[in-house]
Amino acid sequence: MANPASDQADDGTTSVQGLGKRWEFGKDVSSWPMLKWARAVQHKTDLESRISLWIAGRPISTENSLSADRLKFEMRLRVHTPPPTQEWSLILGDFLYSLRSALDACVWEFAHADGARPSKPKMLQFPVVRDRADWERARRERLQTVPTEIAERIEMLQPFNRPPSEVNKDPLICLTELNNLDKHRSSIDVSVDPRGIQQKFSTTWETEEAVERNTPPSATYRFPDFTDGALVVEVPFLDPVKELQGGFTMAMQVGVETSIGKQQLSVITNGLLENIQQVLNFIAVGPASPEEIQAMETEQGGGWIGMEVRADETGRTFHTGPLATEDPQS
C-alpha cells in the first residue's frame with residue numbers, strides 16, 4: 001500500500017493523509033464489498049477446477065518421428081481435446097467483474113455511510129486515475145459524499161502515485177482494462193501456449209567423422225498455434241543417424257493477453273485477488289498512525305511468547321504452555 005503523506009498544520013500538529021476512523025465491513029458499513037470479493041474467489045476456484053479437469057484428461061501429446069532416410073528428426077503436436085478457451089474466458093470475465101464490483105460497492109457503501117445522500121448516485125464509482133491532474137475531478141464526481149479519510153485513502157491507492165514507467169503495470173489498471181474489454185468490446189484472449197521445450201535427445205553415428213559433422217545438432221524450435229499436427233522441433237542431419245534415443249518434451253501454460261503483453265493466467269488471477277483484498281482493507285482501516293509506527297520501530301522483540309501445544313494421552317485434548325527450555329527426559 002502507499003505511504004501516507006503528512007502536512008504541518010498552523011497549530012503545529014501533523015496531519016497524516018488517510019488517517020481517521022477505522023471502519024469495519026459488516027459493522028460500520030455493509031459487508032457487500034467483501035461478499036463481491038468472495039464471489040470472485042468462487043469464480044477463480046471454478047476456473048482453476050475446469051482447467052485442471054482438462055489437463056487431467058491428457059489432452060495433448062507430442063509425436064516424434066525419424067524420416068525414412070534417417071536424415072531428419074521431427075516432433076509434432078498432437079491435440080486430442082482442444083482447450084475450451086471460450087468457456088474459460090467467460091469465467092475469467094465473471095471473476096474480473098466481481099472484483100471491479102467489489103471496488104464500486106465499497107465506494108457506494110461509504111458514500112451512503114451515516115445517512116449521507118449523494119446528489120448524483122449514478123456517478124458513484126471507484127476511480128482509477130493515471131494522471132494526478134485528473135484526480136480532483138474524479139474525486140468530486142465519483143466519490144461525492146464519501147468521508148474525507150476514505151477519499152484520501154483511495155487517492156493514496158491511485159496508479160498516478162507510481163513512477164510513470166510503472167503506471168501501466170498497476171493492478172488497478174490491469175483490472176479496469178480487462179474488465180472493460182470483457183464488458184464492452186470482445187472476449188478476453190485466453191490461450192494455451194508453449195512455455196518451454198526440454199531436450200532429452202541422444203544420437204549414435206556410424207563413424208567419428210559423422211559425429212563431428214553433426215555435433216552440435218542444428219535444431220529449429222517453433223512455438224506453434226495450438227493445432228493438431230503442428231511442427232514443433234525439426235533437426236536435420238548431414239549423415240544418416242545410426243540410432244536415436246529420447247526426444248523433446250514441451251511444457252504448456254494458460255495465458256491471458258493484457259495491455260503489457262501476455263501473462264500467465266494464474267499470475268493475473270492470484271495477483272488481482274490479493275491486491276483487491278488489500279485495497280478494500282486499506283480503504284476501511286487506513287494507514288498506521290505516527291504513534292503506531294513509532295511503537296513498531298522501537299519494539300524490541302516483545303509481545304510474542306513462545307508456546308508449544310501438547311496433546312494428552314487421548315490425543316483429543318490439547319494444552320498450551322511455554323516452550324520447554326530443557327529436555328524433560330534429561
Side-chain angles (χ1 to χ4, degrees), residues 1-42 96-161 170-173 175-176 179 272-296:
M1 295 296 100
N3 294 321
S6 59
D7 296 308
Q8 192 79 20
D10 294 337
D11 60 2
T13 60
T14 301
S15 62
V16 178
Q17 185 184 25
L19 203 60
K21 179 178 177 178
R22 289 177 172 170
W23 303 70
E24 183 178 343
F25 290 113
K27 180 180 178 182
D28 302 309
V29 291
S30 166
S31 60
W32 192 243
M34 298 309 299
L35 291 175
K36 284 286 189 179
W37 179 86
R39 182 62 171 164
V41 175
Q42 289 184 322
L96 297 166
Y97 176 76
S98 294
L99 288 183
R100 177 66 218 194
S101 296
L103 296 176
D104 292 337
C106 179
V107 168
W108 178 273
E109 294 298 332
F110 282 112
H112 290 84
D114 299 328
R117 298 177 63 87
S119 60
K120 298 179 179 179
K122 291 184 179 181
M123 294 288 288
L124 290 173
Q125 185 183 85
F126 186 96
V128 178
V129 182
R130 295 171 179 266
D131 191 335
R132 183 177 294 276
D134 299 327
W135 171 248
E136 287 305 321
R137 178 180 177 182
R139 175 173 178 169
R140 183 172 61 254
E141 294 180 352
R142 301 302 187 185
L143 302 183
Q144 298 182 39
T145 52
V146 165
T148 299
E149 72 271 16
I150 300 298
E152 290 180 351
R153 294 168 191 173
I154 293 175
E155 179 183 359
M156 294 166 69
L157 296 166
Q158 292 302 308
F160 60 66
N161 290 300
D170 190 286
L172 291 175
I173 294 288
L175 173 61
T176 299
N179 184 58
L272 288 178
L273 197 67
E274 180 180 358
N275 178 263
I276 300 307
Q277 183 183 39
Q278 292 174 346
V279 165
L280 293 172
N281 289 333
F282 182 79
I283 291 172
V285 176
S289 68
E291 294 77 18
E292 289 170 327
I293 294 175
Q294 183 177 12
M296 288 186 286

For the residue pair [X] and [Y], what are the closest heavy atoms and their distance?
X    : Y    : result
R153 : F282 : CD-O, 3.5 Å
L19  : E152 : N-OE1, 4.4 Å
P287 : G18  : CD-O, 3.4 Å
N179 : R100 : ND2-CG, 3.4 Å
L273 : L99  : CD1-CD2, 3.9 Å
V129 : P159 : O-CD, 3.3 Å

Note to self: Please evaluate residues F25 and W32 with respect to the criterion ring-ring contact (aromatic ring centres under 6.0 Å, His included), reporting the C-alpha separation (whole Å), side-chain torsions for both, the decisive distance (0.1 Å), and the verdict.
What the structure shows: CA-CA 8 Å; F25 290 113; W32 192 243; over 10 Å; no
Check: [Y] and [X] side chains under 4.5 Å, non-hydrogen atoms:
X    : Y    : value
D28  : D114 : no
F126 : L172 : yes
I283 : F110 : yes
W135 : I154 : yes
E291 : Q294 : no
W108 : P33  : no
V146 : V107 : yes
P147 : K21  : no

Value rounded to 0.5 Å, distance of [atom1] in [X] from [atom2] in [Y]:
X    : Y    : atom1 : atom2 : value
L96  : S101 : CG    : OG    : 10.5 Å
E109 : S31  : CD    : OG    : 8.5 Å
C106 : K36  : SG    : NZ    : 13.5 Å
S30  : H112 : OG    : NE2   : 12.0 Å
N281 : E24  : CG    : CD    : 11.0 Å
T145 : K120 : OG1   : NZ    : 13.0 Å

Checklist line | Any side-chain donor near an acceptor of the partner, E149 and W23, under 3.5 Å | finding: yes
Check: Has F160 got more than 12 heavy atoms of other residues, nucleotides or ligands less than 6.0 Å from its CZ?
Finding: yes
Notebook entry, point to check: Are there more than 12 heavy atoms of other residues, nucleotides or ligands under 6.0 Å from atom CZ of R22?
Noted result: yes
Next item on the list: Only pairs at least two apart or in different chains count here, so list each salt bridge (Lys or Arg N to Asp or Glu O under 4.0 Å) that has a residue in residues 132-145.
Entry: R132-E155, R137-E141
Next item on the list: Would you confirm whether N161, through its side chain, and M156, through its main-chain N or O, come within 3.5 Å as a donor-acceptor pair?
Entry: yes
Notebook entry, point to check: Hey, which of V279, V128, D170, L103 is the one that makes side-chain contact (heavy atoms from CB on, under 4.5 Å) with L175?
Noted result: L103
